[in-house]
Amino acid sequence: MTKLTVRTLFTPISGFVRLATLTSSAWEHQKSSKFVQLPEEVLLIIANHADLADRARLLRTCRYIHSLVESLHYRHLNMTSSRLYYRTHLLHRTLSDRPDLISLIVSYRGALMLPNEPGPLKPKATERLKSRLLRKQMPSPSWGRIPVTETGPDRRSVSIFVKAVNVRELEFMDWGSEPFDEPLRAILPKMSLISFSLPYLADSVRLCPLLRAQPELEHLGLSGVSRRFRDLKETDIPGLKSLKATLKDAAVIVPGRPVEKFYHLLEDSEGEQTLDEQL
């Protein structure tokens with residue numbers, strides 16, 4: 001009788017642990033695959049050109065590919081597509097279960113606070129999960145943690161990004177205002193950013209103290225709502241090279257800084273000819 005070998009394969013996005021039972025002959029066949037026999041440099045190039053979802057599938061092919069590609073997979077996380085954005089809670093669960101992965105992250109684009117709505121992609125499946133969770137029929141609490149009733153910042157998410165000290169490029173896609181202020185004050189001082197973007201936040205978020213803690217910042221992206229930067233000092237963000245903001249914000253931020261590129265954001269009250277008129 002063929003001996004069974006149990007191997008653990010991690011699903012990088014969902015964080016679930018799946019046990020795959022492989023026969024010895026199946027494992028030998030996996031090792032003899034011509035794809036696996038490619039040089040490591042070639043495999044890494046292939047993985048680097050794959051998007052996040054495809055790379056997650058690649059990680060699940062075998063243990064060798066998983067060990068080779070995992071660190072690359074978590075270096076650049078782009079969760080901005082609708083399919084991935086509403087799975088942010090699954091990524092956060094993985095990072096909570098595997099804190100060693102947090103230090104691998106170099107750039108992150110996506111939500112900080114977990115999206116309350118699961119999105120339109122699989123509404124029936126989402127409703128079934130909600131129903132099972134409310135009836136307490138989930139097999140384990142860790143499987144049932146989907147953001148059904150959360151309204152404020154997710155504390156687990158904040159605790160994850162506080163540990164992400166190697167992040168250099170950060171873009172939070174959250175919609176919100178005042179509840180987002182406290183998490184940002186906890187997270188940003190731990191990082192040394194060269195790129196930072198908050199494209200959807202309202203003007204009540206106090207940005208000057210946050211920017212003051214980022215002396216290496218080169219690229220800054222703001223929303224189309226003008227903020228008050230009267231507290232911004234001349235010594236703050238001295239190396240800023242690229243700015244995406246309204247004209248009102250640019251008029252305060254650009255002087256005295258080596259800004260080379262400016263991306264103009266129109267406010268609701270501005271017309272299409274505003275930029276030409278201001279120039």
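Note that these values count all heavy atoms, side chains included, but never hydrogens, waters or copies made by symmetry.
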Minimum heavy-atom separation for A56 to H73, with atom names?
N-CE1, 3.8 Å
Ring centroid separation Y108 to F161 under 6.0 Å
yes
Dump the intermediate steps for side chain to side chain contact (heavy atoms under 4.5 Å, CB included) on K244 and L265, then the final yes or no.
CA-CA 7 Å; K244 186 175 183 179; L265 292 178; 3.6 Å; yes
Of the options L170, L112, L222, L207, which is the one that meets L198 in a side chain to side chain contact (heavy atoms under 4.5 Å, CB included)?
L207
Report the distance from atom CG of N166 to atom CD1 of I105, rounding to the nearest 0.5 Å.
9.5 Å
Does L52 share a hydrophobic cluster with V106, counting links as ILVMFWY side-chain heavy atoms below 4.5 Å and allowing steps through other members?
no
Take T80 and L84, measure what side chain to side chain contact (heavy atoms under 4.5 Å, CB included) needs, and give me the verdict at the end.
CA-CA 7 Å; T80 56; L84 293 177; over 6 Å; no
Evaluate Y200 against M173 for side chain to side chain contact (heavy atoms under 4.5 Å, CB included), listing each step before the verdict.
CA-CA 6 Å; Y200 299 119; M173 308 295 291; 3.4 Å; yes
Supply the atom-to-atom distance E171 CD to S197 OG, rounded to the nearest 0.5 angstrom.
4.0 Å
For residues R168 and S107, is any side-chain donor paired with an opposing acceptor at under 3.5 Å?
no
If we ignore hydrogens and angles and just use 3.5 Å, is the side chain of T61 paired with the main-chain N or O of R57 as donor and acceptor?
no
In one Ile/Leu/Val/Met/Phe/Trp/Tyr side-chain cluster, 4.5 Å: Y263, L266:
no
Check for a donor-acceptor pair, side chain of R257 on one end and backbone N or O of I253 on the other, with a separation under 3.5 Å.
yes
Under 3.5 Å: donor-acceptor pair, side chain of E70, backbone of L101
no
To the nearest 0.5 angstrom, please state how far the CG atom of L211 sits from the CG atom of L240.
8.5 Å
Answer yes or no: is there a side-chain heavy-atom contact under 4.5 Å between Y74 and T94?
yes
Does M191 offer a backbone N or O that forms a donor-acceptor pair with the side chain of Q214 under 3.5 Å?
yes
Between S223 and P199, what is the shortest heavy-atom contact and its length?
CB-O, 3.1 Å
Side chains of R185 and E182: does their closest heavy-atom pair fall under 4.5 Å?
yes
With distance as the sole test, does E216 use its side chain to make a donor-acceptor pair with the main-chain N or O of I194 at under 3.5 Å?
no
Say whether L68 and F35 are linked into one hydrophobic cluster, either directly or through other cluster members, by side-chain heavy-atom distances under 4.5 angstrom.
yes
What about I45 and I65, same hydrophobic cluster or not, with Ile/Leu/Val/Met/Phe/Trp/Tyr joined at side-chain heavy-atom distances under 4.5 Å?
no
Using the salt bridge (charged side-chain N to carboxylate O under 4.0 Å, His left out) rule, collect all pairs that involve residues 99-108, keeping only residues at least two apart or in two chains.
R98-D100
Any donor-acceptor N/O pair, D174 side chain to A111 backbone, under 3.5 Å
no
First locate atom OG of S103, then atom NZ of K163, and finally report the distance between them rounded to the nearest 0.5 Å.
11.0 Å
Treating Ile, Leu, Val, Met, Phe, Trp and Tyr as nodes and any side-chain heavy-atom pair under 4.5 angstrom as an edge, say whether L38 and L72 lie in one connected cluster.
yes
Set of side-chain contact (heavy atoms from CB on, under 4.5 Å) partners for K233, sequence neighbours left out:
R212, T235, D236
